[in-house]
Amino acid sequence: MTTPPYKHLYLVDGSGYIFRAYFAIPPRSTADGRPVNATFGFTNMLIKLLRDSDADGIAVIFDKSGKTFRNEIYPEYKAHRPEAPEDLVPQFAAIREATKAFNLPCIEMEGYEADDLIATYARQAKEAGIEVTVVSSDKDLMQLVDGGIAMLDPMKDKTIGPDEVMEKFGVAPEKVIDVQALAGDSTDNVPGVPGIGIKTAAQLINEYGDLESLLERAGEIKQNKRREKLIENAELARVSKKLVTLERYAPVTEGIEGFALRQPEPETLRAFLELYEFRSLLRRLSDQLGDEVPAEATPVPAAPGEANYELVQDLAALERWVAAAQKRGVLAVDTETTSLDAVAAELVGVSLSTEAGKACYVPLAHKGDAPADGGLDLEGGGAEAPKQIPLDQAIAALKPLLEDPGVLKVGQNIKYDMLIFARQGIDVAPIDDTMLLSYVVEGGLHGHGMDDLAQIHLDYQTIKFKDVAGSGKNQVTFDHVPLEKALDYAAEDADITLRLHQVLKPRLVADRLTTVYETIERPLVPVLAAMELTGIKVDRDTLRRMSNDFATRIGELEVAIHKLAGRPFTIGSPKQLGEILFDEMSLPGGKKGKSGAYATGADILQGLAAQGHDLPARVLDWRQLAKLKSTYTDALQTQINEETGRVHTSYSQAVASTGRLSSNDPNLQNIPIRTEEGRKIRTAFVAEKGHVLLSVDYSQIELRLTAEIAEVEALKQAFHDGQDIHAITAAQVFGIPVEGMDPMTRRKAKAINFGIIYGISAFGLAQNLGIPQGEARDYIAAYFERYPGIRGYMDRTKALAGEQGFVTTLFGRKIHVPGIKDKNPARRSFSERAAINAPIQGTAADIIKRAMIRVPPALDKAGLKARMLLQVHDELLFEVPEGEVEETSAVVREVMENACAPALELSVPLVADAGTGANWAEAH
DNA sequence: GTGTTCACG
DNA sequence: GACGTACGTGAACACC
């Protein structure tokens, strides 16, 4: 054999990849309806491989349909494989076309699986001294891994070597087939030995060396069941081993010398990309394709990025755009600023789009070019600033348009732009938000940032902010971006937003989600904007004093901890701490997690502390103080806005899959309360002079909704009677009178009640209560016995989620649960629990959102001046003039308790409790 | 950029 | 019997 002229051969498992890509990538199709998601993924992967790897030899290997030699050994092999989904079938041919379009060899062979051909070529290449990488994540190929052969998981971009194989199978690669022979494989219908899984198999192989030795000496095994099974099924194990062993000497006809990398023919490649309408890939490969993207691939209107955008630098031009928008009635708007913090940001420019492919950018505060030498230049303008419309004139021209009730303003995360405009005296309305449309229609399926949405719905890769403004220490604010670049980027954003609106808005009706969007998400936007703009007053001195106090105590603890350890180390490093505790001090219970590090979480340290060890106890104290200082008392001081003296969080309305809000920069939804020490931080959140803080929160809302949704009559009755719900649960489940109940009994019932909301598991409950799993199992059984409605709800919900891929709240919000069909049982169970929790958490989120929308007008109508400041999932915080507390409290409670009406009437009452004080600690 | 830890509901 | 576990978040930090 001649030595092939390359060094590193990549063998791509084409059939394996396409299955994974099909399930991992959301459905997409060409204009005439041909499904292409897996083909797109495959093509993308090839481009990435060609671009990023050192491959100078590549072959793509496929399964050939039909029987293989394994069916002669064991007719049932792969007999239970379900048919491929119908929208995957046509893609099998398409990825072979893709392979050929890139001028790569396409290998398949009657009677052999792709895995056997890969094994054969890998062996041949290795013998010829060529490095081999098998591109696949199929565990069946892991047996090939050795010094010269590695695997690459193309979707996770993770290299799999002997260590990763060890992690997966618990044995070295050459023993993998022995483990597989014992454990079997239900998806391929490899029988294995009943009752033995990978864990047990690995343990046995490690103990006895290999399968044959194990089977010969099976009589020595102590566990009765295991010994019998092994003896009884020895032959089955041997057959299984034959099934899982890859054929390394398949009679292949193509030689590896033919796998040297060749350049693709530009015409062939282009024809392929056009046929499947992979326009973003066409664009990306345009340099390789020799010239510009051909005209026939350019749809009408022009693809984003290829459209002709207008730079608007005088008032007359801006007025033409205003008139065009008035005429159309729809306008996409986007602002460019100097900061992601809308309350601190300076307006730099505005972009507008009135129809797809037609957009402009109006620069308003761009500086001249930065000096090339990077020298000191405080104005940032070495050159004169470019021609721009004066800000006040532009605002005056835009205001009537942005406030025109007859013109719909469309934005991507328009709350941000509304805040920027609000600070310029413009009250933007009416609005639509493409981010929220996507959130309502496809929540749970993917992120809702513009880059994601452009890729998914428009097959377009947006220009990245980094590409125009740089990154890291070279990053500049947008006012320093040259106008040409700024135009491309900013106008594109408005263009894309308008196009996304055209795609997503009709989906509301089609998917019956109009009500959720129109009555919850859209009206909430201005409410959140007002809360963010208001902010909450934070007392810097209180925080500073606390930081100083923490610093002293942290320092003292550090000295003590280092002394106990016998040497200094970084206490904040879990890795170093683990080594100190379990290697150097040899404390018991050192357990390594999957990353190979010792676990040092609070539960572990508490266990050690309880055994009388001082160091872990001190580390717990240190961690608490370090957390409070770095995350709260230090960080919050830096978040106080210079101008307002208040802290302005930002609420994300499209992040949490259940419909909840999230809070960031800073997160004001996780300010400490559970420990005395942490709770003090809340005293720094204060009311303006002459005001107090009012906190109103829903009592047990999720448990009430669980009783409602799962129709648990006994719990509903308890809520009607206003009883202590956890005590009642304990009484009914454990049969103990409420009078004189042991607090531990009530605690257990409380844990079960919470567990139910989370999609209970015996493991989780046991963990939470620190009891054996068996005991937890008994409690759950007793609970289900007493409240059978709960089990019915759980089973129904799992089934429904499986059938339709989503669950719904009482208000019709859809929450997608993509992992519900996962064949990995751990991931599937995870999704099942999420599916059980989502309608409960999501309905609670819907309810408080409805309340938030109604509170401001209700206060207004009552002539009250209170301002809503924060939302913390089941709590609303207000700043109230001292004389209006009682009235405000009554109005807010009224709105919150009746927030379901008139859309829905619950059979359990909702109760909202109020508290007031000079600061948040007192009010809550 | 990822994983661990820990703050909240 | 095994998978690896309670649901939903965001931030800081260490470490690669």
Side-chain angles (χ1 to χ4, degrees), chain A residues 157-158 183-184 186 192-201 225-226 229 444 570-578 593-605 619-620 623-624 626-632 634-636 639 649-650 652 655-675 678-679 681-682 697-698 700-702 751-752 754-769 773 776 780 815 822-842 844-845 848 871-875:
Chain A
D157 215 5
K158 185 181 161 202
S186 58
V193 176
I196 294 188
I198 289 183
K199 285 274 166 74
T200 313
K225 273 226 164 115
R226 190 176 291 176
K229 290 280 184 198
T570 309
I571 303 170
S573 160
K575 184 165 170 275
Q576 293 184 34
L577 176 63
K594 49 193 155 198
S595 63
Y598 288 114
T600 67
D603 47 343
I604 306 270
L605 298 190
V619 172
L620 280 169
R623 275 199 187 152
Q624 194 198 4
K627 178 83 171 182
L628 294 178
K629 180 169 189 289
S630 69
T631 310
Y632 299 103
D634 285 355
L636 275 173
Q639 300 272 3
T649 185
S650 173
S652 300
V655 168
S657 56
T658 53
R660 273 192 178 181
L661 298 176
S662 81
S663 156
N664 56 283
D665 296 299
N667 182 355
L668 295 186
Q669 289 182 323
N670 73 346
I671 302 301
I673 191 166
R674 292 176 187 169
T675 68
R679 197 185 180 108
I681 291 168
R682 294 195 172 214
D697 69 332
Y698 282 112
Q700 309 279 16
I701 187 167
E702 293 196 354
I752 307 176
F754 273 104
I756 293 299
I757 294 171
Y758 296 151
I760 201 152
S761 74
F763 179 93
L765 182 62
Q767 183 101 355
N768 186 286
L769 282 173
Q773 213 167 311
I780 295 170
I815 298 153
D822 202 305
K823 66 178 164 59
N824 175 325
R827 281 202 291 270
R828 193 175 54 245
S829 313
F830 186 77
S831 296
E832 286 173 353
R833 293 193 297 269
I836 290 166
N837 172 261
I840 302 167
Q841 195 183 111
I848 196 166
Q871 187 251 45
V872 193
H873 309 309
D874 63 359
E875 171 191 7

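Naming convention: chains lettered A, B, ... in sequence-line order (proteins, then strands); numbering from 1 in each chain. What's counted below: heavy atoms across the whole structure, side chains too, no hydrogens, waters or symmetry copies.
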With sequence neighbours left out, the residues meeting salt bridge (Lys or Arg N to Asp or Glu O under 4.0 Å) with A:D665 are none
Mind checking A:I836 for me? I need base, sugar-phosphate or nothing, with any heavy atom below 4.0 Å counting as a touch. nothing
Could you tell me the separation between the CZ atom of A:R828 and the P atom of C:dA6, rounded to a whole number of Å? 18 Å
Please determine if a side-chain N or O atom of A:R833 lies less than 4.0 Å away from the OP1 or OP2 oxygen of C:dC7. yes
In whole angstrom, give the distance that lies between atom OH of A:Y758 and atom C1' of C:dA6. 8 Å
For DNA chain C, consecutive-pair runs of 3 or more (Watson-Crick or G-U wobble, both H-bond-type distances under 3.5 Å) give B:1-9 with C:7-15
So what does A:I671 hit on the nucleic acid, given a heavy-atom distance under 4.0 Å: a base, only sugar-phosphate, or nothing? sugar-phosphate
Could you list the residues that satisfy side chain to side chain contact (heavy atoms under 4.5 Å, CB included) with A:I571, not counting sequence neighbours? A:E558, A:I561, A:H562, A:F569, A:V619, A:W622
What pair of heavy atoms forms the shortest contact from A:N670 to A:Y632, and how long is it? O-OH, 2.6 Å
Is the base of B:dG9 touched by the side chain of A:R674 through a donor-acceptor pair closer than 3.5 angstrom? yes
Tell me every residue that passes side chain to side chain contact (heavy atoms under 4.5 Å, CB included) with A:S650, counting only those two or more places apart in sequence or in another chain. A:K415, A:E532, A:N664
Would you indicate what A:G601 reaches in the nucleic acid, counting non-hydrogen atoms under 4.0 angstrom: base, sugar-phosphate, or nothing? sugar-phosphate
Using a heavy-atom cut-off of 4.0 Å across all strands, would you classify A:A602 as base, sugar-phosphate, or nothing? sugar-phosphate
With sugar-phosphate meaning primed atoms plus P, OP1 and OP2, does A:F763 contact a base, only sugar-phosphate, or nothing at under 4.0 Å between heavy atoms? base
Rounded to whole Å, the NZ-P distance (A:K225 to C:dA2) equals 12 Å
Under the rule for salt bridge (Lys or Arg N to Asp or Glu O under 4.0 Å), what residues qualify as partners of A:K229, not counting sequence neighbours? none
Rounded distance (Å) that lies between atom P of C:dG8 and atom CG of A:L661: 16 Å
At their closest point, which heavy atom of A:G197 faces which heavy atom of A:A183, and how far apart are they? C-CB, 3.7 Å
Atom-pair distance (NZ on A:K629; C1' on B:dA7), nearest Å: 17 Å
Please work out if A:N768 contacts a base, only the sugar-phosphate, or nothing of the nucleic acid, heavy-atom cut-off 4.0 Å. base
Please compare A:P825 and A:H873 by the position of their nearest nucleotide in DNA chain C and report the one closer to 5'. A:P825
Heavy-atom protein contacts under 4.0 Å, nucleotides 10-16 of chain C, coded B base, S sugar-phosphate only, - none: BBSSSSS
Rounded to whole angstrom, note down the P distance from B:dT5 over to C:dT5. 13 Å
Quick one: closest heavy-atom pair of A:R682 and A:I671, and the distance? NH2-O, 2.7 Å
Using the P atom on both, measure C:dG4 against B:dT4 and round to a whole Å. 14 Å
Quick one: label A:R827 by what it contacts on the DNA or RNA (base, sugar-phosphate, nothing), any heavy atom closer than 4.0 Å. nothing
Using the side-chain hydrogen bond (donor to acceptor under 3.5 Å, both in side chains) rule, collect all pairs that involve residues 824-837 of chain A, keeping only residues at least two apart or in two chains. A:D822-A:R827, A:N837-A:Q841
Over all strands shown, is A:I757 touching base, sugar-phosphate only, or nothing at heavy-atom distances under 4.0 angstrom? nothing
Do A:Q639 and A:L668 come within less than 4.5 Å of each other through their side chains, counting heavy atoms only? no
Length of the line joining A:Q767:CD and C:dA6:C1', which is rounded to integer Å: 9 Å
Whole Å only: how far is the CD1 atom of A:I701 from the P atom of C:dG8? 18 Å
Closest to the side chain of A:S761, out of C:dT5, B:dG9, B:dT5, is C:dT5
Which residue, A:I196 or A:S657, contacts DNA chain C at a nucleotide closer to its 5' end, judged by nearest heavy atom? A:I196
Between A:T658 and C:dC7, is there a side-chain N or O to OP1/OP2 distance below 4.0 Å? no
Determine the contact category for A:A766: base if any of its heavy atoms lies under 4.0 Å from a base atom, sugar-phosphate if only primed atoms, P, OP1 or OP2 are that close, otherwise nothing. nothing
Once salt bridge (Lys or Arg N to Asp or Glu O under 4.0 Å) is applied, do any residues pair with A:R660, and if so which ones, sequence neighbours excluded? A:E702
Tabulate below the donor-acceptor pairs under 3.5 Å that side-chain atoms of residues 756-768 of chain A make, not counting sequence neighbours, or state none.
| residue | atom | partner | partner atom | Å |
| --- | --- | --- | --- | --- |
| A:S761 | OG | A:G764 | N | 3.0 |

Rounded to whole angstrom units, what separation is found between the CD atom of A:Q669 and the C1' atom of B:dG9? 8 Å
